[in-house]
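Here's the structure we're looking at; comments come further down.
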Amino acid sequence: MSKKFKHVLISFALAAVVSVSAAASACTIKTKHPRAKITIEFNEQTYNIEYTLYRNMYPQTVQHFIELADEGFYNDMVIHNYSSTDWFTGGYSYADGYETAYTTAGTLRDYLDEYSKEEQYYSLADKLTPSVYKQLRYEDDKEVVSGEDALPTLIGEFANNDHRIEKGAVTADFGVLKMYYYDKGTDNHQKVAIKNSFGQILEHDYRYNCATSVFAIQTSDSSSYSESNYAIFARLRNNKAEDTLNALSDAIDDYISDNYSSTSKNFTTSVTTQVDKEDRFAEAGGQAIDVTFTLTAKPIIIKSVKITKY
């Protein structure tokens, strides 16, 4: 074998090693703007909507969302709270019994109880990066947090929880994703320790730091769920994504028109149930609260949430 041919082989082998190493490294690199694809099914039609995630502004929220998506947590879920401005998901699985429960008096709440994702969410606690802790501890007169106090709930990265972004914050526009928390009440000022993305340890109200897996897709140009109160962490990636979400919205409008004489209130029904029954922060008596959801006669199904770029 000639020296020249040996050199070519060695160079090829080294290039292969470098290529593999680069590929392996790429899997662990955290970019400023990861991407996600949300696949939604409605009336037997599928819609693939691509998102840009803003890790540079909402790092803990984005990390939480990615970790849940990577666990397959968001696959086969239903939009469990529907309005003309926001669709909420992340709390309940979709199952074949949905439409039967919807049309059978008194059983839709039973459906929500049976297919709640709370227990599964809390079972993933060890796989979620902690940002909220039951209490502050002190070591050598310094404020610290302890892993044994970690909660799976998520820090609230929004202005009213002292999260500051110098410029470019994602605003509440059409198509954005918003991580949602159920308000524990204006008179509830139970405190938890939070560790923000700057490594600061602070004490804040738990009601602002009790987001779990629920997020909303904004389907209008404005919403009462503003960036000052909710972490708006992703927006539609491009015009194609916007067109796809518009096509889905139009399909829902057409379904309402064809089946309910364009009267949207006949397309929905309200159900009162309890959430946060599995809350790890709960003292004796629990943190569970009553909420009212608006569900749709024809399910809007989140088939999958996949991270396409880290």
Side-chain angles (χ1 to χ4, degrees), residues 33-54 62 65-66 68-69 72-96 98-99 102-103 170-180 213-227 230-270 293-309:
H33 299 115
R35 295 176 188 166
K37 180 173 73 173
I38 300 180
T39 300
I40 304 178
E41 182 181 290
F42 177 76
N43 200 22
E44 300 181 352
Q45 296 296 314
T46 299
Y47 304 82
N48 293 308
I49 305 171
E50 293 188 287
Y51 277 91
T52 297
L53 311 179
Y54 285 76
V62 168
F65 182 79
I66 288 174
L68 287 171
F73 180 88
Y74 287 123
N75 298 346
D76 293 314
M77 304 198 81
V78 68
I79 298 295
H80 66 263
N81 198 20
Y82 170 90
S83 74
S84 60
T85 63
D86 298 275
W87 302 345
F88 293 84
T89 190
Y92 300 89
S93 297
Y94 170 73
D96 289 339
Y98 177 92
E99 290 179 84
Y102 188 93
T103 57
V170 183
T171 54
D173 300 322
F174 177 74
V176 297
L177 302 185
K178 298 174 278 195
M179 192 60 70
Y180 186 75
S213 55
V214 176
F215 70 93
I217 303 171
Q218 183 170 312
T219 55
S220 68
D221 291 329
S222 63
S223 167
S224 59
Y225 301 102
S226 68
E227 58 270 24
Y230 298 90
I232 301 178
F233 65 95
R235 61 162 52 111
L236 296 169
R237 185 183 167 203
N238 49 32
N239 290 337
K240 180 181 177 181
E242 183 174 344
D243 291 344
T244 303
L245 183 56
N246 272 318
L248 171 55
S249 296
D250 290 344
I252 293 170
D253 289 341
D254 290 343
Y255 184 88
I256 293 170
S257 177
D258 293 343
N259 293 277
Y260 299 99
S261 301
S262 298
T263 306
S264 60
K265 69 178 183 180
N266 295 328
F267 174 62
T268 61
T269 191
S270 295
F293 295 139
T294 300
L295 291 99
T296 60
K298 176 66 71 171
I300 306 168
I301 306 164
I302 307 295
K303 294 298 293 181
S304 64
V305 175
K306 294 182 178 178
I307 307 305
T308 56
K309 176 184 175 183

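At distances below 3.5 Å, at least one donor-acceptor pair connects side-chain atoms of S83 with backbone N or O atoms of T85. Side-chain atoms of Y74 come within 3.5 Å of backbone N or O of S213 as a donor-acceptor pair.
Contact of the Y82 side chain with the L295 side chain is not registered, since no non-hydrogen atoms from C-beta on lie closer than 4.5 Å. By the 4.5 Å heavy-atom criterion applied to side chains, I79 and F42 are not counted as neighbours. Side-chain contact between Y102 and K298 is absent, with no heavy-atom pair separated by less than 4.5 Å.
With sequence neighbours left out, the salt bridge (Lys or Arg N to Asp or Glu O under 4.0 Å) criterion links R237 to E50. For K37, the salt bridge (Lys or Arg N to Asp or Glu O under 4.0 Å) criterion is met by no residue, not counting sequence neighbours. By the salt bridge (Lys or Arg N to Asp or Glu O under 4.0 Å) test, D76 pairs with K303, sequence neighbours left out. Scored by the side-chain hydrogen bond (donor to acceptor under 3.5 Å, both in side chains) test, Y92 finds no partners at all (sequence neighbours excluded). Here E242 pairs with nothing under the salt bridge (Lys or Arg N to Asp or Glu O under 4.0 Å) rule; sequence neighbours left out. Residues satisfying the ring-ring contact (aromatic ring centres under 6.0 Å, His included) criterion with Y47, sequence neighbours excluded, are absent altogether.
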- Show your working on side chain to side chain contact (heavy atoms under 4.5 Å, CB included) between I40 and I217 and close with a plain yes or no. CA-CA 11 Å; I40 304 178; I217 303 171; 4.1 Å; yes
- Message: Y54 vs H33, test: side chain to side chain contact (heavy atoms under 4.5 Å, CB included). Steps then yes/no.
- Response: CA-CA 5 Å; Y54 285 76; H33 299 115; 3.6 Å; yes
- Which is it for L248 and W87 under the side chain to side chain contact (heavy atoms under 4.5 Å, CB included) test, yes or no, and what are the steps along the way? CA-CA 12 Å; L248 171 55; W87 302 345; 3.5 Å; yes
- Task: Using the side chain to side chain contact (heavy atoms under 4.5 Å, CB included) rule, take F233 and V170 through it: C-alpha gap first, then chi angles, then the decisive distance, then the call.
- Result: CA-CA 7 Å; F233 65 95; V170 183; over 6 Å; no
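Interatomic distance, CG of N43 versus CD1 of I301, reported as 10.0 Å (0.5 Å rounding). Rounding to the nearest 0.5 angstrom, the gap separating the CG atom in D253 from the CG atom in D258 is 10.5 Å. Between I300 atom CD1 and E41 atom CD the span is 11.5 Å, to the nearest 0.5 Å. Note: L177 CG to I38 CD1 = 5.0 Å, rounded to the nearest 0.5 Å. To the nearest 0.5 Å, atoms CZ (F267) and CD1 (I252) are separated by 5.5 Å. How far CD1 of I256 is from CG of N266: 9.5 Å, rounded to the nearest 0.5 Å.
Of all heavy-atom pairs between T268 and T296, the closest is CG2-CG2, 4.2 Å. The two atoms that bring A234 and L53 nearest to each other are CB-CD2, 3.4 Å, heavy atoms only. In terms of heavy-atom proximity, S226 sits nearest to A172 at CA-CB, 4.5 Å.
Classified by interplanar angle (parallel below 30°, tilted 30° to 60°, perpendicular above 60°), the ring pair Y260/Y255 is tilted.
The existence of a salt bridge linking K178 and E227 is excluded, since no basic side-chain nitrogen approaches an acidic carboxylate oxygen closer than 4.0 Å.
With ring centers used as reference points, Y225 lies under 6.0 Å from F88.
Residues T39 and N48 bring a donor and an acceptor atom of their side chains to less than 3.5 Å of each other.
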